[in-house]
Number of protein chains: 2
Amino acid sequence: MTDRAYELLERVASLLRAEQRRESGATGLEPVHLQALTYLALANRYSDTPQSVGEYLGLTKGNMSQRLLWLERHGYLKRSRDESDGRVVHLRLTDRARDALASLSPPRLWREAAGDTVRLGEELDGLLGRLLARGGYRAFGQCRTCRHHERVNGSPYCALIQVSLDPEQVDRLCREHEEPLPAA
Amino acid sequence: MTDRAYELLERVASLLRAEQRRESGATGLEPVHLQALTYLALANRYSDTPQSVGEYLGLTKGNMSQRLLWLERHGYLKRSRDESDGRVVHLRLTDRARDALASLSPPRLWREAAGDTVRLGEELDGLLGRLLARGGYRAFGQCRTCRHHERVNGSPYCALIQVSLDPEQVDRLCREHEEPLPAA
DNA sequence: ATCATGTAGTATCGTAGCGATACTAAATAT
DNA sequence: ATATTTAGTATCGCTACGATACTACATGAT
């Protein structure tokens with residue numbers, strides 16, 4: 001008996017991808033575009049880069065770079081150079097991107113039929129954590145659950161890159177995220 | 001708050017697809033190939049056709065036809081014409097295909113890290129059922145859970161196409177599957 | 001019987017996803 | 001100062017995918 005959950009996951013994913021293609025219609029937005037935008041909508045200001053998007057989805061940076069260039073050319077992203085490191089590029093969603101996510105990102109079929117997904121979310125969350133840990137992937141957790149997250153004078157502070165954080169950043173995803181060390 | 005379960009599902013699927021690509025290596029087997037083979041390994045003898053595979057995954061028949069031709073050219077499938085209907089083609093896995101599934105289909109990462117997936121399987125099963133019903137897809141259930149499944153002289157019989165079935169066929173997937181009518 | 005309609009499958013085209021490789025430029029280490 | 005690393009891009013080859021058009025067979029209507 002092969003793993004039933006795996007087969008179901010693959011089939012559901014395949015059906016949803018196909019559904020998304022159909023719903024995206026003339027926009028030209030492919031599933032991978034929407035996934036990239038979804039990530040960028042959640043990423044903090046140190047993780048809104050081509051590299052990070054690729055790591056998040058398990059795709060190569062060369063591939064992601066091309067997807068992101070397409071998104072910029074079509075008005076879904078703004079690019080900007082990092083001020084202190086001339087190599088890195090930051091990606092910002094446009095309103096057009098937010099509109100696209102709002103109307104396409106969980107495809108209509110999901111919204112109509114998925115129902116209560118709390119329990120499913122918990123199961124997927126656990127599975128993802130195990131896959132990431134075992135596969136050597138970055139976890140991309142929220143700052144406030146990170147080993148390096150501290151409070152200095154009452155305001156959030158990242159001990160890794162040693163900067164204080166805007167309060168709104170601490171709920172966003174960070175590519176440097178690490179689980180807290182288990183209490184001894 | 002967008003649907004967390006949906007995001008997790010998409011990301012897990014993306015990571016697993018990428019993982020599968022890497023593990024498939026020089027075989028040239030893409031995720032869609034393995035999904036098609038997985039389906040065909042489970043399909044009954046009335047549902048092992050290009051059309052059915054496409055419906056199962058939500059892809060067009062033209063696309064599937066090309067994928068399946070590739071699989072045949074590379075020795076993963078045998079094709080044969082139906083005896084009573086000259087239009088339909090039946091697809092049979094070769095040993096090479098079974099070997100490929102055995103070594104690649106849940107990718108190594110899944111096998112090593114997925115852990116207990118019983119509960120996840122149940123959740124995905126429920127979700128899939130709702131998506132299929134709402135989206136107008138075929139369910140592809142097992143014969144023995146079908147509305148048209150009967151027993152004649154103790155052996156399984158399909159009341160839809162009006163043939164008796166090999167006992168081994170009743171655990172396989174059928175594209176004509178329909179839920180039993182609710183008892184009145 | 002003929003003809004229209006429907007269905008299973010294939011061929012072809014255009015677009016895009018994807019990894020691999022090679023490259024540039026900026027940062028960092030020695 | 002030089003070597004090495006890192007973020008990102010450009011290009012190539014291959015394949016996935018939908019759309020469209022086509023063939024062959026089956027079925028239904030008259």
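Letters A, B, ... mirror the listed sequences (proteins, then strands); counts begin at 1. Source: prediction; values computed, not measured.
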> Calculate the interatomic distance between B/D48 atom CG and C/dG9 atom C1'; express it in whole Å.
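Going from CG in B/D48 over to C1' in C/dG9 covers 14 Å.
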> Which residue, B/H74 or A/H90, contacts DNA chain D at a nucleotide closer to its 5' end, judged by nearest heavy atom?
A/H90
> Return the value, rounded to whole Å, for the distance between atom CD of A/E72 and atom P of D/dG8.
13 Å
> A/Y56 vs A/F140 aromatic rings, parallel, tilted or perpendicular, using cut-offs 30° and 60°?
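Plane angle over 60°, so perpendicular.
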> Using atom CZ of A/R81 as one end and atom C1' of C/dA27 as the other, report the distance to the nearest whole Å.
13 Å
> To the nearest angstrom, how far is A/L68 atom CG from D/dG8 atom P?
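Distance check: A/L68 CG to D/dG8 P gives 9 Å.
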> Run the side-chain contact (heavy atoms from CB on, under 4.5 Å) test against A/R151 and tell me which residues pass, sequence neighbours left out.
A/P156
> In whole angstrom, what separates A/L69's CG from D/dT11's C1'?
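Rounding to the nearest Å, CG of A/L69 and C1' of D/dT11 are 13 Å apart.
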> Could you work out, with side-chain hydrogen bond (donor to acceptor under 3.5 Å, both in side chains) as the rule, every residue matching B/D85, not counting sequence neighbours?
B/R87
> So, A/S84 and A/D82: side-chain donor and acceptor under 3.5 Å apart, yes or no?
yes
> Within this structure, what is the CZ-to-C1' distance between A/R175 and D/dT6, rounded to whole angstrom?
10 Å
> Does the protein touch nucleotides 16-29 of chain D at the base, only the backbone, or not at all? Give it as B, S and - per nucleotide, heavy atoms under 4.0 Å.
BBB------BS---
> Please give me the minimum heavy-atom distance between A/L120 and A/W110, naming the atom from each residue.
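Here A/L120 and A/W110 meet closest at CD2-CH2, 4.3 Å.
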> When the distance from CD of B/Q66 to C1' of C/dG14 is rounded to whole Å, what number comes out?
14 Å
> Whole Å only: how far is the CD atom of B/E23 from the C1' atom of C/dG19?
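So the two atoms are 16 Å apart, to the nearest Å.
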> Taking A/E55 for its side chain and A/R138 for its backbone only, find out whether a donor-acceptor pair lies under 3.5 Å.
no
